[in-house]
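First the proteins, then the strands, lettered A, B, ... as listed; each starts at 1. Side-chain atoms are counted along with the backbone in the values below, which use heavy atoms only and exclude waters and symmetry mates.
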Number of protein chains: 2
Amino acid sequence: MSRNKLTAAVPSPVAEDADDFDAKTAARVCWHYFKEGQTQEEVARRLGFTRKRINRIIAQALSSGLVQITIDSQIGACAELESRLIAQYRLRRAIVVPSPAPDLDVRTVVGAAAGQYISDQLGPSETLGISWGGTIHAAAQNLRRRHGGNTVVSLVGGLAMSGPINPYDNAAMMARALGATCRYVTTPMIADSRELRDALVRSTHVAAALAAVRSVNRALLSAVDLTNRSRALEYGVITRDTLRSLRTAGAVGDIAGHYLNASGSLVSHPLVDRVISVDLTSLRAVGELVLAAGGAHKAAIIRAGILARLCHVLITDEAAAEALLAF
Amino acid sequence: MSRNKLTAAVPSPVAEDADDFDAKTAARVCWHYFKEGQTQEEVARRLGFTRKRINRIIAQALSSGLVQITIDSQIGACAELESRLIAQYRLRRAIVVPSPAPDLDVRTVVGAAAGQYISDQLGPSETLGISWGGTIHAAAQNLRRRHGGNTVVSLVGGLAMSGPINPYDNAAMMARALGATCRYVTTPMIADSRELRDALVRSTHVAAALAAVRSVNRALLSAVDLTNRSRALEYGVITRDTLRSLRTAGAVGDIAGHYLNASGSLVSHPLVDRVISVDLTSLRAVGELVLAAGGAHKAAIIRAGILARLCHVLITDEAAAEALLAF
DNA sequence: AAGGTAGCTGCACAAATGTGACAAGCGCGG
DNA sequence: CCGCGCTTGTCACATTTGTGCAGCTACCTT
């Protein structure tokens with residue numbers, strides 16, 4: 001008797017996504033558990049599942065973002081840091097979250113705050129631009145689900161390698177969570193040569209994709225640092241040699257493909273002419289630029305981003321906030 | 001050494017509400033617990049509290065609505081009932097939640113769904129009209145916190161008795177959760193005589209308060225039934241005799257003070273001339289009327305409300321939904 | 001100043017939850 | 001047709017969480 005196939009046996013009238021298999025059941029399970037406050041065992045009995053299954057469904061619903069936990073953010077736990085940041089850097093707003101325990105990834109917690117902020121702020125038909133990275137990934141996991149109305153625009157080219165942290169996956173996750181349509185830049189993030197870059201940028205599809213930034217109301221940006229802790233190496237964006245030469249050229253990191261020095265100016269370096277992404281001027285024209293990045297090692301590039309006028313709203317953690325205030 | 005007084009010792013620069021005592025600490029605790037996934041004991045150690053204290057703070061944050069749990073609602077667990085309701089009653093939308101176990105109050109779960117719906121839909125500067133009752137109370141507890149921009153308008157007069165279920169408290173909770181300003185109707189819900197009602201309604205303040213409905217973009221209404229299970233008695237709105245005579249007059253319940261019969265027309269009864277609330281025509285002019293009510297015993301008045309054109313969006317539970325579909 | 005209330009701590013225990021090992025069932029491709 | 005790999009069920013166990021009790025302190029009321 002395939003009891004547990006019952007839900008799958010009822011085909012949903014709407015287009016069903018890849019992970020819809022469970023979604024309806026999961027929603028019900030979570031409802032009983034979180035909203036009614038029943039115990040996992042009670043839910044299991046009521047729905048005819050094993051407790052373990054319920055347990056797994058809940059865990060999955062939590063991690064997949066089907067259920068979101070929202071903490072009142074205005075009563076920020078780190079309100080003082082926030083107001084000092086706003087004052088010192090003339091920000092529209094700052095959100096500072098506690099730095100996590102050392103064995104946790106800063107990006108997940110900063111991303112969580114970013115996702116919550118975006119969910120709170122994004123209007124029903126706004127277009128959201130995004131860069132890429134672990135923070136963006138975490139933000140996508142922390143969006144409250146929507147269904148239509150929004151558009152997600154990826155602001156940078158792709159990475160050939162796989163893994164869950166890459167622009168296409170970031171954009172896809174984000175779009176999926178918002179039920180949004182999505183625009184991708186169908187080129188590598190970094191072309192092999194300046195000539196190739198120019199040719200690509202001129203080609204119809206790519207030009208159109210990059211031009212999509214004009215319709216962006218709000219952009220969620222992250223910051224890539226060039227310290228030894230940089231993940232850029234790990235994700236294969238650049239080689240260690242390139243990293244070193246970028247540092248020699250004065251770069252402290254990049255924001256959406258724009259390599260900046262400590263005072264927020266673009267650096268001169270062969271690499272920068274090979275990067276494919278939305279140009280700085282267009283980016284600055286976006287109504288609200290939200291920069292989400294945390295960890296003390298990112299303080300320099302965050303500061304550079306602010307000075308480069310790429311940050312209206314800063315979402316970061318205590319460690320980076322303190323480093324920023326100490327400049 | 002009063003460690004745990006530290007937070008209270010730092011006066012907040014912003015106006016601090018009655019329950020601010022803990023809010024900042026609570027936000028931080030919840031952040032560590034829910035977002036970072038630390039155990040209560042770890043949080044306790046980290047912040048220098050007892051585990052028990054953490055436990056209580058979390059429980060309180062949960063019940064006070066400082067932290068909200070949101071389940072993707074579009075993937076409704078009861079999607080089929082929803083679409084049948086929409087079809088049969090020509091609704092704009094229907095949300096059906098599973099009926100809770102018999103020892104739980106339907107109103108809390110329907111209210112939870114209503115709160116989530118309002119949080120999802122309410123624009124940043126909209127004005128929300130509300131009626132009153134247990135469902136509204138629960139809805140208020142399930143709003144995601146906001147800070148300014150909205151206005152809450154109570155659509156009915158007050159009850160003299162205390163207790164947490166009364167129009168003023170409902171409106172105040174709702175407004176507090178949204179950081180909204182609030183308008184009250186400063187009269188009893190039911191005046192002693194028709195003459196008194198008329199005089200009150202004509203008086204400047206009351207007239208202005210009732211006229212505030214014109215700026216309402218969206219209203220959250222609940223339904224009061226006149227079955228034996230009705231809470232109207234318990235809250236002292238009407239006496240048992242009045243209830244009986246209302247039933248004799250054909251009434252099946254009331255919505256925002258309007259007593260309706262089974263087909264959704266106003267009934268004739270001495271009481272209806274003594275009720276102080278926003279008139280039907282003005283109510284019907286509101287852009288979106290959300291009716292939140294659950295339990296099989298409310299089916300009749302829900303149906304009456306729909307027929308009376310007081311419901312664009314219905315939020316209810318399985319039991320009521322099935323009863324409605326069986327009509 | 002006395003008395004009472006509320007909240008805190010520390011301890012202890014029961015209930016609930018997360019997890020691992022292993023067997024059973026199912027779909028899929030060779 | 002068979003076995004492989006994946007998911008799910010079963011059982012068992014460690015951890016985490018909720019809660020009650022006794023005693024204490026701080027604060028508020030009278």
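- Atom pair His32(B):NE2 and dT16(D):P shows a separation of 17 Å (rounding to whole Å applied).
- Geometric assessment of Arg53(A) against the ring of Phe49(A) yields a positive cation-pi assignment under the 6.0 Å and 45° thresholds.
- Counting distance only, with no hydrogens placed and no angle test, the side-chain atoms of Lys52(B) and the base atoms of dG7(C) include no donor-acceptor pair under 3.5 Å.
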- Message: side chain to side chain contact (heavy atoms under 4.5 Å, CB included) for Gln60(A) and Arg56(A)? Distances and angles first, verdict last.
- Response: CA-CA 6 Å; Gln60(A) 187 197 325; Arg56(A) 267 189 271 195; over 6 Å; no
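- Gln60(B) has its CD atom 14 Å from the P atom of dG18(D), to the nearest Å.
- dT9(C) atom C1' lies 14 Å from atom CD1 of Ile57(B), rounded to whole Å.
- In this model, the phosphate group of dT17(C) is approached by a side-chain N or O of Thr39(A) to a distance below 4.0 Å at OP1 or OP2.
- The side chain of Thr50(A) lies closest to dG9(D) when the candidates are dA16(C), dC8(C), dG9(D).
- The base of dG18(D) does not come close enough to the side chain of Arg56(B) for any donor and acceptor atom to sit less than 3.5 Å apart.
- The interatomic distance linking Ile54(B) (CD1) with dT16(D) (C1') rounds to 14 Å, in whole Å.
- With hydrogens and angles ignored, a donor-acceptor pair closer than 3.5 Å exists between the side chain of Arg51(A) and the base of dG18(C).
- The side chain of Asn55(A) places an N or O atom within less than 4.0 Å of a non-bridging phosphate oxygen (OP1 or OP2) of dG18(C).
- Here the CD1-OH distance, from Ile57(A) to Tyr33(A), works out to 13.0 Å after rounding to the nearest 0.5 Å.
- For the residue pair Arg144(B) / Thr70(B), a side-chain donor-acceptor distance below 3.5 Å is found, with atom types taken as modelled.
- Between the CZ atom of Arg53(A) and the C1' atom of dT19(C) there is a distance of 17 Å, given to the nearest Å.
- Minimum atom distance to the side chain of Tyr33(A) is reached by dT17(C), of the listed dG9(D), dT17(C), dG18(D).
- When only modelled atom types and interatomic distance are considered, Asn55(B) and Gln40(B) share a side-chain donor-acceptor pair under 3.5 Å.
- Phe34(B) has its CZ atom 16 Å from the P atom of dT16(D), to the nearest Å.
- For the pair Gln40(A) CD and dG9(D) P, the interatomic distance rounds to 14 Å; values are reported in whole Å.
- One atom, CZ of Phe49(B), and another, P of dG10(C), lie 13 Å apart when rounded to the nearest Å.
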